[in-house]
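A quick note: this is a predicted structure, and the numbers were derived from the prediction, not measured.
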Amino acid sequence: MRGVAAPLGCGWDRTVGYDADGVLHPEFLAKGQHTMKAAYIQQFGGPEVLKYGDLPDPSAGPGQIVVDTFAASVNGADWKVCAGQYPQPKFPVILGRDFSGVVSALGADVEDFRTGDEVFGVLEAGRDGTYAEKIAISAAIVARKPSAMSHVDAAALALTGLTALCSIEDSLKLKAGETILIQGGAGGVAGFAIQLAKHLGARVITTASAENLGYVRDLGADQVVDYNATDFRSVVGKCDAVFDTVGGDVAMKSFAVLKPGGRAAFIASGAQAPRPDRGDVTALRPAVGRDRAHLERIAELYRAGAVRPPPVRLFGLASAAEAIRISKARHLRGKLVLTMG
């Protein structure tokens, strides 16, 4: 009987208990190997291929910490990883990218954290693995969680906030007095972006379904458009910037509302921004890196009351497959979050 293969970059010791294919044998687990619960895949497919079970605990390498995960959020990339849309080095693959929890172990040369510190963050770019009771991660890209922020809210804000900051502040460089259209305002990233844009002093227009119009107004949107009832191009124009979180036809149509010299940022159109159908605007694909400074900016905005956590629907880790099903459908207000307890 074959066991489970060790995914790369997880902090597991592959020198003991594995065969030449990197497979951990069940009898080794029975001999005292510490394990954790995780939600993972051993093949690509729909949400039904997601498994819940035991995998080896990670260990902290040099410069890393081990975090006991309290909460992990569900992001749009997770079902795409499940479906095989992102390359993976080896099965099994634990899903998930952002988290909140408590430091339980320190690797060599880690001096800025102590065991027991409450932290939140996003895994290294291109890496998944937060749907688990423990993770190993570079200490340099983790930040302390504000004491007033719950683990659930911290997980819900981590990747959404990071993406919004990189898009609105770093790529679009939105300024006070400018007008921005944010597509898909009820989603996690867009909801953070609405609040951030208002905090920066911009006029905010957003699109949403009829049932979410009140919600996005409450986030601070100055003008809202029901995308099922109205073509936004007929009521929106002369925008300095567009932030598109929807993709598809919406992305290309968004160029029409920009004033000459305007710029648009896209996070749902693949690795490259769509090519504009006019020559007087700029299309941007934000680079969403990993660093402590952006996480501390999220914490700063939270403490200042400039942004608030989104509505959250909770699932236990064992129900991760159901959360993936809902996420894949895309019509969601706020965030889905998995709890480990």
Please confirm whether the backbone N or O of [Y] pairs with a side-chain atom of [X], one donor and one acceptor, at under 3.5 Å?
X: S327; Y: A323; value: no
X: Q64; Y: G61; value: yes
X: R292; Y: I141; value: no
X: Y302; Y: P309; value: no
X: T69; Y: A132; value: yes
X: D170; Y: K173; value: no
X: S171; Y: C166; value: yes
X: Q195; Y: G220; value: no
X: R203; Y: G177; value: no
X: R285; Y: G270; value: yes

- Evaluate salt bridge (charged side-chain N to carboxylate O under 4.0 Å, His left out) for E211 paired with R333, printing each intermediate quantity in order. CA-CA 10 Å; E211 60 266 30; R333 176 191 297 183; over 6 Å; no

- Item | Output field: ring centroids F44/F91 closer than 6.0 Å |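 Yes; F91 has its ring centre under 6.0 Å from that of F44.
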
- Is the gap between the ring centers of F266 and F255 under 6.0 Å?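 Yes - the distance between ring centres of F266 and F255 falls below the 6.0 Å cut-off.
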
Pair [X]-[Y], side-chain donor/acceptor within less than 3.5 Å:
X: S73; Y: D98; answer: yes
X: S104; Y: D68; answer: yes
X: D128; Y: T130; answer: no

Residues [X], [Y]: salt bridge by 4.0 Å N-O rule:
X: D153; Y: R308; value: no
X: R127; Y: E124; value: yes
X: R325; Y: E48; value: no
X: R313; Y: E322; value: no

Is it the case that more than 12 heavy atoms not belonging to [X] sit under 6.0 Å from its [atom1] atom?
X: R278; atom1: CZ; value: yes
X: D277; atom1: CG; value: yes
X: Q85; atom1: CD; value: yes
X: K51; atom1: NZ; value: no
X: E111; atom1: CD; value: no

- Do V152 and L314 come within less than 4.5 Å of each other through their side chains, counting heavy atoms only?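 With C-beta onward as the side chain, the pair touches.
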
- Query: Under the criterion side chain to side chain contact (heavy atoms under 4.5 Å, CB included), which of L159, I137, N75 is the partner of V122?
  - Reply: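 Exactly one candidate clears the test, L159.
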
- Only one of T245, D244, T207 clears side-chain hydrogen bond (donor to acceptor under 3.5 Å, both in side chains) with Q183; which?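 Only one of T245, D244, T207 forms a side-chain hydrogen bond (donor to acceptor under 3.5 Å, both in side chains) with Q183, namely T207.
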
- Task: With R97 as the cation and Y86 as the aromatic partner, state whether NZ or CZ is under 6.0 Å from the six-membered ring centre and within 45° of the axis.
- Result: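 Yes.
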
